[in-house]
Amino acid sequence: MGSPLDQFMAAIKKADTSELANQAVDQLLTDTPPQELVNTLIEVAQSEELNNEMLGYFILPGLKRIILKRIQEKYPDPLAEVIALVKNSEVPQKLVLHCIDYLSNFFRKGYAIDPSEFVDLVRDIACDFHLPLAVRTRTARLLAKLPPRDQKAILKPLIDSREPPLITAACSALCRWPGGDLVQAGELIDPLIDFVKQSPAAAVQSPNILRTLARIDTEESHKAFAALVEKDWEDDDWVRLAACIAPNSRFAPLLRTIQGVLKIKGPRKGEATRSLMRRIPGLAESLHEQARYRELLGVLKLEPTAMDKSPLPFIEKIPTNIDADTSKMAEELKRDFKSARCTAFLPEEDIQAWKEKQLDDLQQPPPAIKRESTDQGRRYGEYCTGLNMGNAIYRDTYLIDPTCHNHWHAAVFQAFEFTHEDDGVEGHMRGVHMTGFPGAVQPFAASSCGFNNPNIDVAVQMHDLYDAFLKAFKVDDDHKFHGARQTASTGKSERLCLLQASEDLMSYDIQYVFADMLDWKGSHWSGTAADIDNLRCDGVVEYIYESCGEQVCAGTQADCWNIAAEGNQYPESHADLHTLELDQGELCPRVQAGDEGNDTTFICAELLAPTIKAFSVHEAANNVVVLAFSVESKDYNSVYVRLLAGPAGGPFDFVTSGTVGPEEGLFGTWRFKEVDEGTNHFAWCPKNTLPGHSASRNHPLEFRLVAVDKGGNVSAEHYCRLAP
């Protein structure tokens, strides 16, 4: 017959479904005497025939079942097996890390584990310099679940260790302390500040360290932060600094942080700016008071909507007797906000009234029309990525063994964006997900400079970028993409909330947990991103949506659907992982997406692209060409527009409109310019500045218009021609 281990491995080899594999685990637990169970589980974990990915799916659920059974039977030491596995140096590290998470899970839920024993266990492992650093770090994170009185004795050796992972774990607990307690804990704070001064490169990598430093309101902490931001950091470092800066930060280091953010290349510049404005609500006022007009204009240009009010009053108050470059920038920004992006600052109920007024004011082009376009139509059809800002997206689980149940993997698509750099535009698709055990919440993205070519088909270029984005999401021939989901009520304002919530999650040190969808610090869940200790990939989606008031899954208690609400019952309602039986409340990405079970409100994302409702070209007196268009979008208040000109058939180049028309006219280069949707836009161009104007004496002058939204969805491309 062979040993229980031999029988177990033989059953696993024969199992071709996850149900049969789980039956093998149950049989192993049933047939193995309690005194032999630990050694048997260790042998299983060490087997080269059982890969590490399967440990979480088979071994740990087995441990959970036997522990719960022992708790029910009043067994004197129900966690003996888990503790023995953690302390056994021969056990594979991944299994040890999983077991540490289970210890945390059982302690938080109040199962039979003595608090003093738990404190001793954390101290013994976290402070044992002979154990692997990863094991000590994972254990040290459990400090955040203990009362401060039990943390102090363990925190000191962790901070004194000078090991960045251990200090980061210690700060996971410290950043929850009241500010007054932090200031008074000199024996902990002094060496922490000293570490930041001596190891700035390590400190700037850790949101926990930066947030803890930001909450210490002392002269030394302010000096340490000021010295930190004087370094030349990489883009991602400036993003973290912007997300963790203290609301009471002194102006000089705040200004230096803003200057660092404005140097960032790509879409993370906008993310960092939004973080700054949320952390420092009076940021614009402060910059204006200190006469830092260039930085003020840079911030307003990047993310004007982050203030939830129009930036025009700030711009209009800038003195006229400043340097020419800043004055020009202010004037261009003022015109752009007044004409191209007015609706971004209006309540939803006021937008329609504003658009109707614009139609009345601008429906007629300038007088003295010499001729109008007579030849117009569509050149290319629309293209839909099937994505929109804030959508949840899913693919197959990235596991090696086919017997593992395919729970799917979840992420959130953040946005498609164009960023305008000195050398042109770059298109970016980006998302956020939990990378898997023992990973963290991380961004993933794909970018393309191909949109700078005016003669490319935008839809083809977007299709290539979409494929690259799915590849970054690790979709391949063996791991199918299962599409995008959203709630039925997800609209324009909700998408902005989802984007900001997803960016907030990236600015905390949140790690993966297998056992529950969301695990929090301390004994009481506050509902804030700062209080999240661990997440599963479906927890990333659930928290982002429900923190914005959009219900996804209810879990075991329908009244506790909001995982972001304050109180332990809300995340506990989402805690049961779907294995096989799919009992009420069991959750996983596949259930969340609606492919299994019925506990979700998600629906498949609607395939919609922007629609060009009107496009016409006129030639007015004095050789001025008037371009008029209107673009509608169901999902966004603004869209990107590309406008080309050239001789009929090409080649084409981007149109640059001027200020020769009325005040309401748009101006600038139309290399994917962002404008309000649904509005009649007008641009005026001197004819002799248009690409192809010299050939227009003998050939028609052709204009082409295409719009792209922030899901990467592309409208049909339209053309208009002016006869020679």
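Taken from CD1 in I510 to CD1 in I532, the straight-line distance is 4.5 Å, to the nearest 0.5 Å. Rounded to the nearest 0.5 angstrom, L174 CG and L188 CG are separated by 6.0 Å. One distance of note links CG of L241 with CG of L254; it measures 11.5 Å at 0.5 Å rounding. To the nearest 0.5 Å, atoms CG (L213) and OG (S249) are separated by 9.5 Å. E220 contributes atom CD, which lies 12.5 Å from atom CG of L192 (distance to the nearest 0.5 angstrom). Atoms CZ and CG, on R294 and L287 in that order, are 13.5 Å from each other to the nearest 0.5 Å.
Annotation: side chain of V432 is not in contact with side chain of L505 (no heavy-atom distance under 4.5 Å). Taking the side chain as every heavy atom from C-beta outward, K521 and S172 approach each other to under 4.5 Å. The side-chain heavy atoms of V412 and L498, taken from C-beta on, include no pair separated by under 4.5 Å. Proximity of Q290 to F251: side-chain heavy atoms (C-beta onward) are separated by under 4.5 Å at one or more points. Looking at heavy atoms from C-beta onward, D509 lies out of side-chain contact with Q205 at the 4.5 angstrom threshold. Using a 4.5 Å cut-off on side-chain heavy atoms (C-beta onward), P267 and R430 make contact. Residues H524 and E566 form a side-chain contact, since some pair of their non-hydrogen atoms from C-beta on lies under 4.5 Å apart. Contact check for E503 versus S275: no side-chain heavy atoms found under the 4.5 Å cut-off.
Ion pairing between a basic and an acidic side chain is recognised when a charged N comes within 4.0 Å of a carboxylate O; D516 and R536 show no such pairing. Checked for salt-bridge contact, E271 and R268 meet the test: a charged N lies under 4.0 Å from a carboxylate O. Under 4.0 Å is where a charged nitrogen must lie from a carboxylate oxygen, and between K263 and D237 no such pair does.
With hydrogens and angles ignored, the 3.5 Å screen pairs a side-chain donor or acceptor of R215 with a backbone N or O of C175. Between the side chain of Y545 and the main chain of G390, a donor-acceptor pair closer than 3.5 Å is present. Side-chain N or O atoms of S161 include one that pairs as donor or acceptor with a backbone N or O of L158 at under 3.5 Å. A donor-acceptor contact shorter than 3.5 Å is absent between the side chain of Q511 and the backbone of A440. The backbone N or O of A565 sits less than 3.5 Å from a side-chain atom of W525, completing a donor-acceptor pair. Panel note: side chain D128, backbone H130; a donor-acceptor pair is recorded below 3.5 Å. Between the S507 side chain and the D504 main chain, a donor and an acceptor come within less than 3.5 Å of each other. A donor-acceptor pair is defined here as one N or O able to donate and one able to accept, closer than 3.5 Å; no such pair exists between the side chain of S573 and the backbone of Y570. With hydrogens and angles ignored, the 3.5 Å screen pairs a side-chain donor or acceptor of E546 with a backbone N or O of I563. Between the side chain of S547 and the main chain of Y543, a donor-acceptor pair closer than 3.5 Å is present.
I258 pairs with exactly one of L276, T273, I280 by the side chain to side chain contact (heavy atoms under 4.5 Å, CB included) rule, that one being L276. Partner S104 forms a side chain to side chain contact (heavy atoms under 4.5 Å, CB included) with one of T139, V513, V122, L142 and no other, that one being L142.
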### Task
For the pair T212 and W177, evaluate side-chain contact (heavy atoms from CB on, under 4.5 Å) and give the outcome as yes or no after the intermediate values.
CA-CA 9 Å; T212 303; W177 284 26; over 6 Å; no

### Query
Hey, mind stepping through R176 and D531 against side-chain contact (heavy atoms from CB on, under 4.5 Å) and telling me if it holds?
CA-CA 8 Å; R176 300 183 74 247; D531 205 26; 2.9 Å; yes

### Task
Check the pair R162, D194 against salt bridge (Lys or Arg N to Asp or Glu O under 4.0 Å), reporting the backbone distance first and the verdict last.
CA-CA 10 Å; R162 317 296 293 183; D194 186 57; 3.6 Å; yes

### Task
Tell me, with the steps shown, if K269 and T419 meet side-chain contact (heavy atoms from CB on, under 4.5 Å).
CA-CA 9 Å; K269 181 187 293 187; T419 58; over 6 Å; no

### Task
Kindly indicate, with the supporting measurements, whether the criterion ring-ring contact (aromatic ring centres under 6.0 Å, His included) is fulfilled by F413 and F473.
CA-CA 10 Å; F413 171 71; F473 187 41; over 10 Å; no

### Message
Checking R141 against D533 for the salt bridge (Lys or Arg N to Asp or Glu O under 4.0 Å) test, could you report, in this order, the C-alpha distance in whole Å, the side-chain angles of both residues, the deciding distance, and whether it holds?
### Response
CA-CA 8 Å; R141 286 178 63 91; D533 193 25; 2.8 Å; yes

### side-chain contact (heavy atoms from CB on, under 4.5 Å) assessment of D236 paired with R240
CA-CA 6 Å; D236 287 347; R240 278 189 294 273; 4.2 Å; yes

### Task
Before giving the answer on side chain to side chain donor-acceptor pair (under 3.5 Å), spell out for E542 and Q592 the whole-Å C-alpha distance, their side-chain angles and the decisive distance to 0.1 Å.
CA-CA 8 Å; E542 197 88 10; Q592 186 184 70; 2.8 Å; yes

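Counting all heavy atoms, side chain and backbone alike, F225 lies closest to P253 at CD2-CB, 3.8 Å. Heavy atoms only, all atoms of each residue included: H222 and D217 are closest at NE2-OD1, 2.8 Å. In this structure, G186 and P191 approach most closely via the heavy-atom pair O-CD, 3.8 Å. Minimum interatomic distance between A411 and H433 (heavy atoms only, all atoms of both residues): CB-CB, 3.5 Å. Nearest heavy-atom pair, A272 versus I264, reported as atom, atom and distance to 0.1 Å: CB-CD1, 4.1 Å. Closest approach of Q151 and L146 over heavy atoms only: NE2-O, 2.6 Å.
Side-chain contact, D101 with N534: no donor N or O sits under 3.5 Å from an acceptor N or O. Side-chain polar atoms of Q414 and S502 form a donor-acceptor pair below 3.5 angstrom. In this structure, a donor-acceptor pair under 3.5 Å is present between the side chains of S447 and H428.
Atom NZ of K152 is surrounded by 12 or fewer heavy atoms from other residues, nucleotides or ligands within 6.0 Å. The neighbour count for E234 CD, taken as heavy atoms of other residues, nucleotides or ligands under 6.0 Å away, does not exceed 12.
Taking the six-membered ring for Trp and thresholds of 30 and 60 degrees, Y394 and W408 have ring planes inclined between 30 and 60 degrees apart.
In this structure, R211 satisfies the cation-pi test against Y508, with its NZ or CZ atom closer than 6.0 Å to the six-membered ring centre and inside 45 degrees of the ring normal.
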